Visitor: 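After the structure tokens below, expect a handful of questions from me.
Just so it is clear: chains get the letters A, B, ... in the order the sequence lines come, proteins before strands, and each one is counted from 1. Note that the structure is a prediction, hence the values are computed from the model and not measured.
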There are 2 protein chains.
Amino acid sequence: MSTESAPRHPTLADVAAKAGVSASTASLAFSGSGPVSDATKERVLAAATELGYAGPDPRARSLRQGRSGIVGVVIEERVRAAFLDPVKIRMLDGIAEGIAPLRAGLLLLTDTGEADAPVSVESAPVDAVVLIGCSPRLADSVAALRRRGIPTVAIEGAPGDGIPEITIDNTAATRRGAEYLRELGHTKVGIVTLPLDAARTRGRVTAELEAQATSTTPIERLAGARAVFPDARAVAGRASSVEEGRAAAHVLLDVDSADRPTAIIAQSDLLAAGVIRAAEELGIAVPADLSVLGFDGITVDGLQHDLTTLDQPSVDKGRAAGDAVVRMLAGEEPESVAFTSTLHIGDTTARVRA
Amino acid sequence: MSTESAPRHPTLADVAAKAGVSASTASLAFSGSGPVSDATKERVLAAATELGYAGPDPRARSLRQGRSGIVGVVIEERVRAAFLDPVKIRMLDGIAEGIAPLRAGLLLLTDTGEADAPVSVESAPVDAVVLIGCSPRLADSVAALRRRGIPTVAIEGAPGDGIPEITIDNTAATRRGAEYLRELGHTKVGIVTLPLDAARTRGRVTAELEAQATSTTPIERLAGARAVFPDARAVAGRASSVEEGRAAAHVLLDVDSADRPTAIIAQSDLLAAGVIRAAEELGIAVPADLSVLGFDGITVDGLQHDLTTLDQPSVDKGRAAGDAVVRMLAGEEPESVAFTSTLHIGDTTARVRA
DNA sequence: CTGAAAGCGCTTACAG
DNA sequence: CTGAAAGCGCTTACAG
């Protein structure tokens, strides 16, 4: 394969010339958005094939049309970190479904405010943007998006006016779960939280740590649990993972059995799976001796239990965000959407032992 | 917030006019790629601020420059399916690192050959494309990419000439792992494979199923295992997951203890974790009564064991693919890269009992 | 250091 | 049903 003089790729003009028609007609033959005789269309397509023309250049098309056919999704710094969480992946899937009418692609954008960052929110050729679990530092990006007039939707994160938000009832849902535990007779309850602060501090949740919290979701869920069990001890994990849940549960469970909680409220299903794991290790039976409540409603790979959890509509959230994007691009001003999580009662919660 | 007559967004020309300079100069002030006096630059920037100009339109820029600053990544049909696999996520992370010099974004593309698909490989405004775990049906897309002259790199999948591939030594690595098991005295060995065919058939691997296989990776790894244990029974999982590994292991282990394998070769770490789980359930001690070998070298969330596994450089693979893309865009013709996996000896393998 | 001109490749009113 | 013209918003040689 010799590289030769790298012949310029053929353009629509080349094809039109070869087919003996105007560029306009050739364009119509490809887009099908105008009346072209079958004979002409065939001739154009034949010329294209002969020249090895692979269809209109998307760059030129997007300039002309004012649309790039790309929707940006802003995630955390690294792909790895963001997609460790099955809930985020499901949301992404939902977004893809929601923007389907746009026939657009999803561009991964990170929200590192660094100047040397790759294509940023400020300069990416996107028609719209969805912010996923966005951090406070996102403020700059939001400002840029607004200046650019790029429709923006946020999934949990409240970045300000004019931006529709897709949320769930973190506080109320957790409260509902906590009330269920109380109905089962539990009074000694522990809590395992998602990372509260930017540093992802692990360990006992102190007033000090709560004051430093930057993430709204864990704080809201914590409030819901505290509404029912004001004095519940809480331990924060460094991430939403089985391993972190396990570690946090050990802190709560590795005490005199008199002090030991009879129920643990975990802020995610992965954390809950870790709590169950810790209980197994300590010979504490679930749910007989320990009730465990999760949050998310995902299927935790390898977990044998049917977890009692707050089932949140992750895919729906993504779809709603995608749908809002579609509406905004159509000139509408979609409302924010608040979803409700439902308490799924599985086999990890039981009445407290007499 | 009244919408009013939606004032056209300001363009570089508007800014230039306001600043009293030419468009060329205004452009230079933004890009910094030419000599502009500080005074002029300041004037331009001030005008931009005043008009609410957020910088050059990326669409126009990409048409003019012939680069969109976007690299496409072709994954399986659904985001959810593709990113269930931690190895793929790590590769994606590696790709992001590899293309960093490009300062480009990653566009998620799916390889459904459907006509009504969203922005496809055929029409996406990408400068280059990385194929991840691509299926045979990808042939059409590859043809389109070639016609378009879009540099393409494949991570495992051999889509043909001119396309550099990033591979690992599936067969040799598995063989090495199998030999290690043999050295430990194992002769009765079972295999748990990744999905072999497009339908993801679960269960015993028959000659018939092997003949229908469309995925190269599991076939290569199977060959490596069979090179040492020709008669080993194999069971296929529907996916790379703990749950599938568990189910497959039950098929292999739920037999008379005389027929029971003393070691199981799993084609992924998630599958291996499932095997260990099944062993726990059956009261079979790992590694005392059953040795378990994985593949990947990821950290399986919640797994207490230090898994003996073939450690493959997932992130490196992605980075190499990204690097190849960068080179191709620079006019080079990068070679294919073959990585080597290393046997990591953990605590899940032991000498067979006398 | 600055400006006038051309053009990236396409699509879209507008005539005919 | 087809064509000539304009222009999407920018960047880049090229003069000065």
Visitor: Looking only at side-chain N and O atoms, does B/Ser62 come under 4.0 Å of OP1 or OP2 in D/dC10?
Guide: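 Result: no.
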Visitor: Does A/Tyr53 place a side-chain N or O at less than 4.0 Å from the phosphate oxygens OP1/OP2 of C/dG9?
Guide: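 Checking C/dG9 against A/Tyr53, no side-chain N or O comes under 4.0 Å of OP1 or OP2.
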Visitor: For a quick test of reading the model, state the closest non-hydrogen atom pair linking A/Glu335 to A/Pro164 and the distance between them.
Guide: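 Taking every non-hydrogen atom into account, O-CB, 4.1 Å.
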Visitor: Which nucleotide, D/dA6, D/dA4, D/dC10, lies nearest any side-chain atom of A/Arg64?
Guide: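 So the nucleotide nearest the side chain must be D/dA6.
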Visitor: B/Leu28 CG to D/dA13 P: how many Å, rounded?
Guide: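 Rounded to whole Å, this separation is 12 Å.
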Visitor: Determine yes or no for a side-chain-to-main-chain donor-acceptor pair under 3.5 angstrom, with A/Thr152 supplying the side chain and A/Ile150 the backbone.
Guide: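 Side chain of A/Thr152 to backbone of A/Ile150: a pair is present.
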Visitor: From C/dT2, D/dG3, D/dC1, pick the nucleotide closest to the side chain of A/Val21?
Guide: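 The nucleotide sitting nearest to the side chain is D/dG3.
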Visitor: Under 4.5 Å between any side-chain heavy atoms of B/Val129 and B/Pro151, yes or no?
Guide: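 No. Closest side-chain heavy atoms not under 4.5 Å.
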Visitor: In whole angstrom, what separates B/Phe30's CZ from D/dG9's C1'?
Guide: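 Rounded to the whole Å, the gap is 13 Å.
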Visitor: Atom CD of B/Gln65 and atom P of D/dG9: how far apart are they, to the nearest Å?
Guide: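 For the pair B/Gln65 CD and D/dG9 P, the rounded distance is 17 Å.
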Visitor: Could you state the CG-P distance from B/Asp14 to D/dC8, rounded to the nearest angstrom?
Guide: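 Atom CG in B/Asp14 sits about 10 Å away from atom P in D/dC8.
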Visitor: Could you please name the option among D/dC10, C/dC10, C/dG3 that lies closest to any side-chain atom of B/Ser24?
Guide: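 Within the option list, the nearest is C/dG3.
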Visitor: Within the 4.0 Å heavy-atom criterion, would you say A/Ser37 contacts the bases, only the backbone, or no part of the nucleic acid?
Guide: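 Answer is sugar-phosphate: A/Ser37 comes under 4.0 Å of backbone atoms only.
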Visitor: Return the value, rounded to whole Å, for the distance between atom CZ of A/Arg61 and atom P of C/dT11.
Guide: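 The distance from CZ of A/Arg61 to P of C/dT11 comes to 5 Å, rounded to the nearest Å.
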Visitor: Counting the atoms with a prime plus P, OP1 and OP2 as sugar-phosphate, which does A/Thr40 contact under 4.0 Å by heavy atoms, base, sugar-phosphate, or nothing?
Guide: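 Result for A/Thr40 = sugar-phosphate.
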Visitor: Would you call A/Asp323 and A/Arg327 a salt bridge, taking side-chain N to carboxylate O under 4.0 Å as the test?
Guide: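 Salt bridge: yes.
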Visitor: With DNA chain D as reference, determine whether B/Thr25 or B/Arg59 sits nearer its 5' end, using the nearest nucleotide of each.
Guide: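 Its nucleotide being nearer the 5' end, the pick is B/Arg59.
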Visitor: Please tell me which of the listed nucleotides, C/dT11, D/dC1, C/dG3, lies nearest to the side chain of A/Pro35?
Guide: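 Selected nucleotide: D/dC1.
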Visitor: I need the CG-C1' distance between B/Leu12 and C/dA4, as an integer number of Å.
Guide: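 Answer to the nearest Å: 15 Å.
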Visitor: Any idea which of C/dC10, D/dG9, D/dT2 is nearest the A/Val36 side chain?
Guide: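 The closest nucleotide is D/dT2.
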Visitor: Could you tell me which nucleotide pairs with C/dG16 by Watson-Crick or G-U wobble geometry, both distances under 3.5 Å, or answer none if nothing does?
Guide: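 Base-paired to D/dC1.
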Visitor: Classify the side-chain pair B/Ser24/B/Ser27 by whether it contains a donor and acceptor separated by less than 3.5 Å.
Guide: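 No, no side-chain donor-acceptor pair sits under 3.5 Å.
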Visitor: Could you check how far CZ of B/Arg67 sits from C1' of D/dC10, rounded to whole Å?
Guide: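 Computing the B/Arg67:CZ to D/dC10:C1' distance gives 17 Å.
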Visitor: Which of the following nucleotides, C/dC1, D/dC8, C/dC10, is nearest to the side chain of A/Thr11?
Guide: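 Nucleotide nearest to A/Thr11's side chain: C/dC10.
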Visitor: Measure CG/B/Leu51 against P/D/dG9 and give the value in whole Å, please.
Guide: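 Roughly 14 Å, once rounded to whole Å.
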